Asks: 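First the structure, then my questions, so here it is.
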Amino acid sequence: MYTQALNAREAVAQALSADDTAKAAAFQARVDDEERIEPNDFMPEAYRRTLVRQISQHAHSEIVGMLPEGNWITRAPSLKRKAALLAKVQDEGGHGLYLYAAAETLGVAREELVEQLLSGKAKYSSIFNYPTLTWADIGAIGWLVDGAAIMNQIPLCRCSYGPYARAMIRICKEESFHQRQGYEIMLTLSRGTAEQKAMAQDALDRWWWPCLMMFGPPDGESLHSDTSTRWKIKRFSNDELRQKFVDATVPQAAVLGLAMPDPELRFDEATGHWVYGAIDWDEFRRVLAGDGPCNRDRLRARNKAHADGAWVREAALAFAEKRRAAEEKRAA
Ligand code: FAQ
């Protein structure tokens with residue numbers, strides 16, 4: 001009897017796994033055919049988890065990314081600059097919200113993701129752990145950080161997962177406007193007084209290398225690239241995107257009349273690419289481990305903002321409950 005039961009269980013397990021294998025193969029065929037995967041479609045659990053990880057890290061990056069620039073809203077040099085910066089930071093808050101909403105379509109609650117950020121368990125982009133010391137940093141963030149973000153995110157508009165791909169279309173349009181406003185700040189400073197130009201150069205010197213780290217570890221050390229590429233979440237490797245960014249940005253620095261902070265940078269006629277010097281991956285690992293210049297400040301600021309906003313969430317819930325009760329009464 002006992003053996004019979006075991007045999008039956010094994011047979012069911014085998015049938016189930018054959019079913020799963022067939023579903024996984026059909027899923028991969030859809031991905032290979034460039035079909036979009038939608039929330040109610042079958043997807044392998046590992047695909048779902050990869051998307052929740054990447055989309056939530058991306059959402060957290062947008063939200064934490066509001067902090068370095070938010071620091072300069074009250075000190076922007078003119079009303080025009082203040083209005084543009086305020087709108088940019090609001091856009092970033094909006095990007096975070098679209099991305100949390102995209103993650104929620106995968107069956108995870110936003111509260112859970114926010115909790116992971118606030119407790120320090122979740123990752124967000126390393127770049128937002130660096131300080132904004134002068135006004136030129138706002139120009140450098142727009143030009144370089146948004147520039148790197150666009151390079152990485154344009155291919156995500158073709159990601160296999162529908163809700164993420166669609167969110168990225170709008171986000172990329174806004175990021176591209178952000179990049180231009182940043183470049184225009186850098187242009188104004190680099191054509192201004194000697195002191196202003198020096199400020200722009202100093203910002204480029206400090207932001208350049210951390211921006212190259214935004215694209216993630218070198219291909220040989222990237223944990224997720226193989227699977228994410230097979231699933232068409234990633235369309236280019238970390239190193240490919242980093243190279244595209246360097247190739248696009250070096251000529252822009254020349255227009256600004258600024259020097260690239262990389263003595264080894266040289267144009268390779270044979271490949272048509274700019275060859276850059278060694279990235280300090282120890283610094284990258286330190287920042288990811290929570291020991292960058294501003295990691296602790298960023299988490300403290302997010303936790304404080306969350307606690308300060310508790311009354312808003314409570315009031316919104318109380319208002320929704322009051323409306324629901326009133327509607328029920330009217331319907332009765
Ligand atoms: N920082 O195996 P891979 C923005 C982690 S938004 C921190 O290569 P993957 C807008 C990675 O998560 C900027 N962690 O990973 C803005 C993984 O950790 P895990 C954010 C990093 O996913 C502009 C581990 O290392 N953009 O800037 C970083 O295949 C201005 C192994 O790496 C996105 O999130 C890093 N730099 O490739 C806002 C775009 N790099 O999860 C305000 C979407 C790697 O195993 C102002 N994300 N890690 O613990 C992606 O494209 C990918 O997730 C990558 C990493 C390319 C970031």
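Hydrogens, waters and symmetry mates play no part in the numbers below; they use all other heavy atoms, side chains included. When a ligand or atom number is given, it counts from 1 through the structure's own listing order. Since we're looking at a predicted model, the values are computed, not measured.
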Asks: Is the contact between Leu241 and ligand 1 made by the side chain, the backbone, both, or neither, using heavy atoms and a 4.0 Å cut-off?
Replies: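 Under 4.0 Å from ligand 1, Leu241 contributes no heavy atoms.
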Asks: Any side-chain donor-acceptor pair under 3.5 Å between Tyr47 and Ser160?
Replies: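 Judged by distance alone, the side chains do pair up.
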Asks: Out of Ala122, Ser126, Gly65, Ser56, who is nearest to atom 36 (N) of ligand 1 when you count heavy atoms only?
Replies: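 Checking each option, the heavy atom nearest atom 36 (N) of ligand 1 is found in Ser126.
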Asks: Can you name the atoms of ligand 1, numbered from 1 with element, that are less than 4.0 Å from a heavy atom of Val145?
Replies: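 Close to Val145: 23 (C), 30 (C).
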Asks: Could you check atom 3 (P) of ligand 1 against the protein and tell me its nearest heavy-atom contact, residue, atom and distance included?
Replies: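 Minimum-distance protein heavy atom for atom 3 (P) of ligand 1 reads Ser222 OG, 3.4 Å.
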Asks: Kindly determine whether Asp146 and Arg180 satisfy salt bridge (charged side-chain N to carboxylate O under 4.0 Å, His left out), including the steps that lead there.
Replies: CA-CA 9 Å; Asp146 282 279; Arg180 282 160 203 224; over 6 Å; no
Asks: Return yes when at least one protein heavy atom is under 4.0 Å from atom 43 (C) of ligand 1, and no when none is.
Replies: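 For atom 43 (C) of ligand 1 the answer is yes, since some protein heavy atom falls inside 4.0 Å.
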Asks: Below a 4.0 angstrom heavy-atom separation, can you tell me which part of Gln153, side chain or backbone, both or neither, approaches ligand 1?
Replies: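 Answer for Gln153: side chain.
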Asks: Give me the ring orientation class for Tyr164 and His58: parallel if the planes are under 30° apart, tilted from 30 to 60°, perpendicular past 60°.
Replies: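 Answer is perpendicular, since the angle exceeds 60°.
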Asks: Distance-only, no hydrogens or angles: does the Asn303 side chain make a donor-acceptor pair with backbone N or O of Leu299 under 3.5 Å?
Replies: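 Checking the backbone N and O of Leu299 against the side chain of Asn303, a donor-acceptor pair under 3.5 Å is found.
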Asks: Among protein heavy atoms, which lies nearest atom 46 (C) of ligand 1, and at what distance?
Replies: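 Residue, atom and distance for the closest contact: Glu92 OE2, 3.2 Å.
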Asks: Is the distance between the ring centroids of His60 and Tyr100 less than 6.0 Å?
Replies: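 So the answer is yes for these two rings.
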Asks: Check each atom of ligand 1 against the heavy atoms of Lys123 and keep those under 4.0 Å away; list them by number with element.
Replies: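 This gives 5 (C), 14 (N), 18 (O), 19 (P), 49 (O) as the contact atoms.
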Asks: Between Asp247 and Gln243, does a side-chain hydrogen bond (donor to acceptor under 3.5 Å, both in side chains) hold up when you go through it step by step?
Replies: CA-CA 6 Å; Asp247 290 345; Gln243 185 66 57; 3.0 Å; yes
Asks: With a 4.0 Å cut-off, would you call Asp282 and Arg286 a salt bridge?
Replies: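 No.
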Asks: Indicate yes or no for a side-chain donor-acceptor contact from Arg235 to the backbone of Arg158 under 3.5 Å, with no hydrogens or angles considered.
Replies: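 Yes.
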Asks: Between Arg53 and ligand 1, find which residue part has any heavy-atom pair under 4.0 Å and reply side chain, backbone, both or neither.
Replies: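 Just the side chain.
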Asks: If we only consider heavy atoms of His178, is any one of them less than 4.0 Å away from an atom in ligand 1?
Replies: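 In this structure, His178 fails to qualify as a contact of ligand 1 - no heavy atom is under 4.0 Å.
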Asks: Check ligand 1 against Asp146 and write out every atom of the ligand that is under 4.0 Å from a heavy-atom position of the residue.
Replies: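 Per the distance check, 23 (C), 30 (C).
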Asks: At less than 4.0 angstrom from any non-hydrogen atom of Gly216, what atoms of ligand 1 do you find?
Replies: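 The list of qualifying atoms is 40 (N), 44 (C).
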Asks: Give the atoms of ligand 1, by number and element, whose distance to some non-hydrogen atom of Ala149 is under 4.0 Å.
Replies: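 Every atom of ligand 1 under 4.0 Å from some heavy atom of Ala149: 4 (C), 27 (O).
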Asks: So, does Tyr164 sit close enough to ligand 1 that a heavy atom of it is under 4.0 Å from the ligand?
Replies: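 Contact check Tyr164 vs ligand 1: positive.
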Asks: With a 4.0 Å cut-off on heavy atoms, does Ser228 reach ligand 1?
Replies: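 So Ser228 does not count as touching ligand 1.
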Asks: Please assess Arg30 against Glu38 for the test salt bridge (charged side-chain N to carboxylate O under 4.0 Å, His left out), listing each intermediate value before the final yes or no.
Replies: CA-CA 11 Å; Arg30 289 189 64 197; Glu38 297 297 337; over 6 Å; no
Asks: Would you confirm whether Thr249, through its side chain, and Val246, through its main-chain N or O, come within 3.5 Å as a donor-acceptor pair?
Replies: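 Absent.
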Asks: Is a side-chain N or O of Arg48 found less than 3.5 angstrom from the main chain of Leu106, in a donor-acceptor match?
Replies: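 Such a contact is found between Arg48 side chain and Leu106 backbone.
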Asks: Pick one of side chain, backbone, both or neither for how Val287 approaches ligand 1, counting any non-hydrogen atom pair under 4.0 Å.
Replies: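 No part of Val287 comes within reach of ligand 1.
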Asks: Can you tell me the protein heavy atom closest to atom 16 (C) of ligand 1 and the distance?
Replies: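 For atom 16 (C) of ligand 1, the nearest protein heavy atom comes out as Phe128 CZ, 3.7 Å.
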Asks: Report yes or no: does His95 have a heavy atom closer than 4.0 Å to ligand 1?
Replies: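 Distance cut 4.0 Å: His95 fails for ligand 1.
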Asks: Using the rule given for side-chain contact (heavy atoms from CB on, under 4.5 Å), can you reason through Met213 versus Arg242, listing the C-alpha separation, both sets of side-chain angles and the distance that settles it, and then say yes or no?
Replies: CA-CA 8 Å; Met213 296 175 195; Arg242 198 172 357 255; 5.7 Å; no
Asks: Which heavy-atom pair separates Tyr98 from Arg170 by the least distance, and what is that distance?
Replies: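 Taking Tyr98 first and Arg170 second, the nearest heavy atoms are OH-NE, 2.9 Å.
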Asks: Out of all atoms in ligand 1, which are within 4.0 Å of some heavy atom of Lys234? Include the element for each.
Replies: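 It comes down to these atoms of ligand 1: 8 (O), 9 (P), 29 (O), 37 (O).
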Asks: Would the number of heavy atoms belonging to other residues, nucleotides or ligands and lying under 6.0 Å from CG of Asp33 be above 12?
Replies: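 For Asp33, atom CG is crowded (more than 12 foreign heavy atoms under 6.0 Å).
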Asks: What part of His58, side chain from CB on, backbone N/CA/C/O, both or neither, has a heavy atom under 4.0 Å from ligand 1?
Replies: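 Under 4.0 Å from ligand 1, His58 contributes backbone and side-chain atoms.
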Asks: For Met66, which part has a heavy atom under 4.0 Å from ligand 1: side chain, backbone, both, or neither?
Replies: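 For Met66, no heavy atom sits under 4.0 Å from ligand 1.
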Asks: Establish whether atom 54 (C) of ligand 1 and some protein heavy atom are separated by less than 4.0 angstrom.
Replies: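 Given the 4.0 Å limit, the answer for atom 54 (C) of ligand 1 is no, no protein heavy atom qualifies.
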Asks: Using a 4.0 Å heavy-atom threshold (strictly under), name the region of Phe284 that reaches ligand 1: side chain, backbone, both or neither.
Replies: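 Only the side chain of Phe284 comes within reach of ligand 1.
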Asks: Identify the closest protein heavy atom to atom 45 (O) of ligand 1: which residue and atom is it, and at what distance?
Replies: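 Looking at atom 45 (O) of ligand 1, the protein heavy atom closest to it is His224 NE2, 2.6 Å.
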Asks: With nothing but distance in play, are any N or O atoms of Gln57 less than 3.5 Å from an N or O of ligand 1?
Replies: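 Yes; the residue has a nitrogen or oxygen that sits under 3.5 Å from a nitrogen or oxygen of the ligand.
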Asks: Pull out every atom of ligand 1 sitting under 4.0 Å from any heavy atom of Phe215, numbered as shown with elements.
Replies: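 Close to Phe215: 56 (C).
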Asks: Once you restrict to heavy atoms under 4.0 Å, what part of Asn152 touches ligand 1? Side chain, backbone, both or neither.
Replies: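 Within the 4.0 Å criterion, Asn152 contacts ligand 1 through side-chain atoms alone.
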Asks: Return the option from Met214, Gln54, Arg242, Gln179 holding the heavy atom at the smallest distance from atom 57 (C) of ligand 1.
Replies: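 Comparing heavy atoms across Met214, Gln54, Arg242, Gln179, the nearest one to atom 57 (C) of ligand 1 lies in Met214.
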Asks: Which word best sums up how the rings of Trp281 and Phe284 line up, parallel for under 30°, tilted for 30 to 60°, or perpendicular for over 60°?
Replies: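 Judged by the thresholds at 30° and 60°, the geometry between Trp281 and Phe284 is perpendicular.
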Asks: Rounded to the nearest 0.5 Å, what separates atom CD in Gln28 from atom CG in Asp32?
Replies: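 Interatomic distance, Gln28 CD to Asp32 CG, rounded to 0.5 Å: 4.5 Å.
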Asks: Distance-only, no hydrogens or angles: does the Thr105 side chain make a donor-acceptor pair with backbone N or O of Pro39 under 3.5 Å?
Replies: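 Answer holds: no.
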Asks: May I ask you to list the atoms of ligand 1 that are less than 4.0 angstrom from any heavy atom of Glu175?
Replies: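 Heavy-atom distances to Glu175 below 4.0 Å select 10 (C).
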